[in-house]
Amino acid sequence: MASFAPVNKIIPFSNVDGPGNRTSIFFQGCCFDCLFCHNPETIHLCVHCGDCVKTCPAGALRLRDGRVTWDDKACVNCDACLKTCTHGASPKVRQMSVEDVLREIDRALPYIDGVTCSGGECTLRNDFMIELFAEVQKRGKTCLVDSNGSFDFEKDPRILAVCDGVMLDVKAVDAAWSRELVSFAPDLVLRNLDYLLRAGKLYEARTIIFPDRDRENEETVRYVAEHIGDGCFYKLIRYRPFGVREANIPRMGEFTTDAEYAERYARLARSLGASKAYVV
Ligand code: SF4
Ligand code: SF4
C-alpha cells in the first residue's frame, strides 16, 4: 500500500452518514463550488500563503520552508484560521496513508457497522478509497461512498466492486440552475443516477430543498422520484444557512427551509413512486 490522501476529518462514530453506526472519513478537496456549501473550507487544498498563521491564538500553526504545519495538540479548535483563509482551504488537514486511516478505523471497529467516505469529494481520491475499502471489507464491515456525482462510475466501475453503495447528491436537473448552484452541468450526475440504479449500487439519492424555490425544487424532485421509484432511499434535506459563506447568503437565503414546505416535496416524491422518500 502506498497511497496517501489529504484528510480533513475522521468522525469515529456517525449515525448520519449511512445506515447504523459508521466511521466517516472526510477528504479535503472538491470539484464543485456549491453556493450553499456548509464546509467551504474543504473545497480547496492549502496554498501555504501563511495568512492563518498570524491569526492563530494558540501557536498551533507554523510556516516552515514555505509550508504551513498544524500542531493538533496545541490547537484549541477556535476556527480563527478557517475564518482567515480566503482560499477555501484549511491548515488542519492531514496527509494520511491507507494504514494511518485503517488504524483509526480499527480503534472504532467493534462498535461500527461500516465506513463512509465523504468530502470534499471522495471520488477525487478513488485509488486511495479502493485500497481502503478492500481492507475494510476484509474486516467484515460495509463501505459507502458519499458523492456529488462528478465521477463517471460507468467508465471506471472499480470502486463499485469494493463498495456496498453510493449516496448520490442530485442537486439540480435544470442546466442553468445547476451551473448557478454548484458550478457544474447536471448531465453526468443524472447519468450516474441511472447507472448506479441499474448496477444495484444506489443506496440513496439526495436533494436539498431550498426555501421559495418552487420551480427548481419540484423539477428536481419529480425527475429523481420518477427515476428511482422504490429502488433506493430518497433523502430530502432542508437547506440550512449554517456555515454557508456570508457572500452567498443573499442568494441562498438566511433561514432554514420550513419543515412543512419540505414535507410537501416528500409527499410529491412518494406519489410518483419514490416510496422511501423522507425529510431531514
Ligand atoms: S482552529 Fe486554527 S486558529 Fe484555532 S487554534 Fe486551531 S489551528 Fe489555531
Ligand atoms: S489554510 Fe488558507 S490561509 Fe492558511 S496557509 Fe493555507 S491557504 Fe493560506
Side-chain angles (χ1 to χ4, degrees), residues 2-17 22-101 103-105 107-108 116-129 132 146-148 150-151 169 181-184 240-252 254:
S3 295
F4 282 80
V7 175
N8 180 285
K9 183 166 55 181
I10 296 179
I11 297 180
F13 306 113
S14 164
N15 57 12
V16 295
D17 294 304
R22 313 187 71 77
T23 295
S24 296
I25 295 136
F26 295 85
F27 293 103
Q28 181 75 12
C30 185
C31 46
F32 280 12
D33 187 4
C34 298
L35 290 176
F36 56 87
C37 182
H38 295 111
N39 305 104
E41 74 280 2
T42 65
I43 296 176
H44 297 293
L45 295 175
C46 174
V47 296
H48 301 281
C49 68
D51 290 350
C52 57
V53 175
K54 300 166 210 148
T55 58
C56 174
L61 300 173
R62 294 253 187 286
L63 186 60
R64 280 197 199 108
D65 302 327
R67 294 189 72 77
V68 169
T69 58
W70 171 58
D71 178 351
D72 61 338
K73 293 192 180 58
C75 177
V76 295
N77 283 314
C78 67
D79 286 351
C81 50
L82 306 186
K83 288 180 194 123
T84 302
C85 184
T86 54
H87 300 274
S90 166
K92 302 189 287 175
V93 171
R94 293 178 288 170
Q95 278 295 331
M96 296 181 79
S97 66
V98 171
E99 290 89 341
D100 293 334
V101 175
R103 256 192 300 279
E104 299 214 9
I105 291 170
R107 280 203 282 272
T116 297
C117 281
S118 186
E121 172 53 27
C122 64
T123 59
L124 296 174
R125 313 291 162 198
N126 232 14
D127 290 342
F128 185 98
M129 261 202 307
L132 180 71
D146 173 355
S147 174
N148 63 16
S150 60
F151 175 77
D169 289 339
L181 192 66
V182 306
S183 73
F184 203 81
R240 292 165 174 91
F242 314 112
V244 174
R245 284 162 284 190
E246 255 171 51
N248 295 343
I249 291 282
R251 284 157 86 192
M252 290 287 88
E254 56 182 315

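Order of appearance sets the numbers: ligands from 1, and atoms from 1 within every ligand. Since this is a predicted model, take the numbers as computed values, not measurements.
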Would you say the side-chain atoms of [X] and [Y] include a donor-acceptor pair closer than 3.5 Å?
X	Y	answer
Thr116	Asp17	no
Asp33	Ser183	no
Asn126	Thr123	no

List ligand 1 atoms under 4.0 Å from [X], heavy atoms only on the residue side.
X	answer
Lys92	1 (S)
Trp70	7 (S)
Asp79	1 (S), 4 (Fe)
Leu61	7 (S)

- Query: Any donor and acceptor pair, going by atom type alone, linking the side chain of Arg125 with main-chain N or O of Gln28 inside 3.5 Å?
  - Reply: yes

- Anything protein N, O or S sitting under 2.8 Å from atom 6 (Fe) of ligand 2: count it and give me the total. 1

- Residue Gln95 excluded, over 12 heavy atoms near CD under 6.0 Å: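 Atom CD in Gln95 is crowded, with more than 12 foreign heavy atoms closer than 6.0 Å.
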
- Message: Taking CZ in Arg245 as the centre, count heavy atoms belonging to other residues, nucleotides or ligands within less than 6.0 Å. Is the count above 12?
- Response: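 Above 12, so yes.
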
- Query: With a 4.5 Å heavy-atom cut-off, do Pro12 and Ile105 have their side chains touching?
  - Reply: no

- Would you mind reporting whether Asn39 and Asn8 have side-chain heavy atoms less than 4.5 Å apart? no

- Region of Asn77 that comes within reach of ligand 1 [heavy atoms, distance under 4.0 Å]: backbone

- Sequence neighbours left out, what pairs pass side-chain hydrogen bond (donor to acceptor under 3.5 Å, both in side chains) with at least one residue falling in residues 78-90? Thr55-Thr84, Asp79-Lys92

- Task: Show your reasoning for whether side chain to side chain contact (heavy atoms under 4.5 Å, CB included) applies to Ile10 and Arg94.
- Result: CA-CA 10 Å; Ile10 296 179; Arg94 293 178 288 170; 4.2 Å; yes

- Heavy-atom distance to atom 5 (S) of ligand 1: which of Val76, Val53, Asp72 wins? Val76

- So which heavy atom in the protein is nearest atom 8 (Fe) of ligand 1, and how far is it from that ligand atom?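 Checked against all protein heavy atoms, atom 8 (Fe) of ligand 1 sits closest to Cys56 SG, 2.4 Å.
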
- Message: Could you identify the single nearest non-hydrogen protein atom to atom 4 (Fe) of ligand 1 and state the distance to 0.1 Å?
- Response: Cys78 SG, 2.3 Å

- Query: Counting backbone and side-chain atoms alike, does Cys75 have an N/O/S atom under 2.8 Å from atom 4 (Fe) of ligand 1?
  - Reply: no

